[in-house]
Amino acid sequence: MPPQTMSAKTDATIGVNGTAKSTSNQAPPPMALPANLKSDLLNKLSLKSFKLKTKQQELLLRVSILFLVYVLAFITRLFSVLRYESMIHEFDPYFNYRTTLFLTEKGFYEFWNWFDYESWYPLGRIVGGTLYPGLMVTAALIYWGLRFLRFAVHIREVCVLTAPFFASNTTLVAYFFGKEIWDSSAGLVAAALIAICPGYISRSVAGSYDNEGVAIFALLLTFYLFVKAVNTGSLTWSLASAFGYFYMVSAWGGYVFIINLIPLYVLVLLITGRYSVRLYIAYNCMYVLGMLLAMQIRFVGFQHVQSGEHMAAMGVFFLMQVFYFLDWVKYLLSDKRLFETFLRITVTTTVGLAAVALGVGTASGYISPWTGRFYSLLDPTYAKDHIPIIASVSEHQPTAWSSFMFDFHILLFLFPAGLYFCFKRLTDATIFIVMYGLTSMYFAGVMVRLILVATPAVCLISAIAVSATVKNLAQLLRTKSKVTQGGSSKAASGSKASSKALLDQSQPFQRNGAIALLLGVFYLLSKYATHCTWVTSEAYSSPSIVLAARGAHGNKVIFDDYREAYFWLQQNTPTDAKVMSWWDYGYQITAMANRTVIVDNNTWNNTHIATVGRAMSSYEDEAYEIMRELDVGYVLVVFGGVTGYSSDDINKFLWMVRIGGGVFPVIKEPDYLVNGEYRVDKGAAPKMLNCLMYKLCYYRFGELMTEYGKPPGFDRARGVEIGNKDIKLEHLEEAFTTSNWIVRIYKVKPPNNRW
Amino acid sequence: MGRSSTVKETQALFQSLRSAYAATPNNLKIIDVYVGFAVLTAVIQVVYMAVVGSFPFNSFLSGVLSCIGTAVLAVCLRIQVNKDNKEFKDVAPERAFADFILCNLVLHLVIMNFMG
């Protein structure tokens, strides 16, 4: 019967049973010969319709995978919103939130010209000219867009969810980038890897309203558009990459990485003999337009022509002109010898001019040298000796291997595998991704914070490894009778024997080997997904402003002390009161308590911070003088002795001493140490036991029983009984201590009446 | 001797350059004139800055960069329109010109914002 022959034929050749439906309503032909013809025709039709269907199936598959990855990237960052509430995390995001609030309330003109008198008292801060506006403007635009559509959202919700939204967008850009570098399947794997990679999640969870959330999207977008421009040589793509660069400059100070990586990449292409007119068009258009657009951001200003960090781009720009000129002359001249003479003259003059210009510029001080923040990337020991405030930030410490493993998991060994594949197929695009990967991995090794910048490169390169391996293995599976070469196996799986088999007899062995390897890949990737979700849930979803712990009976205990203290400040102090605290808490105090602070996280004035550090490390009388000079009304300290919270001010105290001592030589670090050891118990240095910070943290603590079986005054964070239990304050009085003693606020008493 | 041979060489160099350049098509020569004009304007501005000082630095930068920018964009146009470039064989010259116009538009809008 005709239907039987139809299905038998389709099963034999393709094995998809969807096509049977299209041929099922054919009337059975009366004679045998037309039946054969008709069956041939129907077969051809089914094949054609199958081909259409494959393309559509592929498209459907890709779109659905990308959609799922998009949603996944968003929802995996929502742990803290579900566990606590929708709030802004950490310290820096509070400043960003406050500025975004200001922008949405007062408008652009007020925002650009905002002088903030509520921070850095009595200096104030020119906010309009000292911030990167990209993040705030993006959130404000989203907010206004939603409001226009009549969604009555609060700006805080928009701010909290901006980072996950842009993380989802980053996965899309990663897909297109992977497609550009390798092929669309590598793009899909890259999108999936970057959606859950902990290195990126750490700075883009919901609530982490910080520049990096938007900046990584801008970074990857700029790189993708530039590589696309180099591949196509089109002016529109270069223009788009210039706009991407503009968005990056507006979003984050790390744009210096782009403006140095791209010239380095162009230089590498020139050296390896890959100069082409497409490269010329792409780089020149992007450089000139990008530089001009970048100078519109007031914070960046004229740095593109004056700062040493941007000179590489300008140098490569001139080099490109020289290359183009030489290329053009070579094309004009038919005689090789003449061209060589010309080449000699040109090269010597150019090199001479360039050296003279650079020398004069640097020597006269017009071209400023590399600033401390970026110089410490090239020389990691620089900050420790010269700039203690940069060295004190915990994110600036060198990275340990455990951090790499924690943040990358299997990508760590897939990265060299991917590099191997890239070197096997060297194109302009793969050279770029190799350079991006290697430079960013170097910097990630120097500073923990920069693992974030390395994450997209690592995900892309690992995606190439995964995609190429799986493709080769799947091809091995599909060939039934042909002998294929051994697919390149991953370095980790050691079954090289199966992949080297070339004989017919070992073919089923080869197939089994391929299946085993594919299962191994599947196992590794599922382990990766488990690890990433666990890391996100346990390590990167804490709001830092709300602390959680397990009680004695296993129940969850939440410490909301920070917000308790800030709201107390807001409701119980005069509106023009000035609060002195260590700079970590400045942004939170201005945003939540709405009070003027002396120093905050911007850390732009080292002397002011050193003054506060000096006040905290002096005896109460000297500190009182400093506080009267600064009009301080309240002092806020963070103390973790009752709860065992270890990021409190006593643990940060040595940095206060170092920073204060860096400007005021009267503060000497050895005064606070005993035999080089930092102690707070009976054996501590006398200056330590009587300095302001010690007194404020441990006031009345000597009477408190913190742990069963330990004497009163047992500091749970340091694990010792404190040395000075009988503390009397002369010039300050205790104003407020939160319920778990984490934040303590003291009021500065006015000077005594003379008589 | 050696000197006269190098002089002869440079003369031969210039001769061959001139004759080869005369053979380029007219539309490319027009673009070259435009590039030369832009660079000349930039040089004049730099000389002026050297004489009077660079006080509104943003104005100086915007002036010079607009000249350099439009020169560079014109060179890109020349590359894309040149029939001898095999990589751009299937790009219509109208498309190249439209790209050129668009980029120049963006360039000059930014310049006008920057000039102050």
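The chains referred to below are lettered A, B, ... by the order of the sequence lines, with proteins before strands, and numbering in each begins at 1.
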Measure the spacing between CG of B:Leu77 and CD1 of B:Ile101 and express it to the nearest 0.5 Å. 8.5 Å

Using atom types as modelled and distance alone, determine if a side-chain donor or acceptor of B:Thr70 lies under 3.5 Å from a backbone N or O of B:Cys67. no

Side-chain donor/acceptor of A:Thr427 to backbone N/O of A:Thr430, under 3.5 Å: yes

A:Phe302 and A:His310: aromatic ring centres closer than 6.0 Å? no

Could you tell me which portion of A:Tyr324 (side chain, backbone, both or neither) has an atom closer than 4.5 angstrom to a non-hydrogen atom of chain B? side chain

Proximal component of A:Tyr283, with respect to chain B [non-hydrogen, under 4.5 Å]: neither

Side chain to side chain contact (heavy atoms under 4.5 Å, CB included) between A:Tyr287 and A:Met314: does it pass, once the steps are laid out? CA-CA 8 Å; A:Tyr287 177 64; A:Met314 192 183 283; 3.4 Å; yes

Contact winner vs chain B - A:Ile345, A:Thr232, A:Leu289, heavy-atom pairs under 4.5 Å: A:Leu289

Decide, yes or no, whether a salt bridge links B:Arg95 with B:Asp99 under the criterion of side-chain N to carboxylate O below 4.0 Å. yes

Given B:Val106, B:Leu73, B:Ile111, the one with more heavy-atom pairs under 4.5 angstrom with chain A than any other is B:Val106

Taking the inter-plane angle between the rings of A:Phe432 and A:Tyr265 on a 0 to 90° scale, is it parallel (under 30°), tilted (30 to 60°) or perpendicular (over 60°)? perpendicular

Looking only at heavy atoms, which of residues 292-301 of chain A get nearer than 4.5 Å to chain B? A:Leu292, A:Leu293, A:Met295, A:Gln296

Against chain A, label B:Arg78 side chain, backbone, both or neither, depending on which of its atoms sit under 4.5 Å from a heavy atom there. side chain

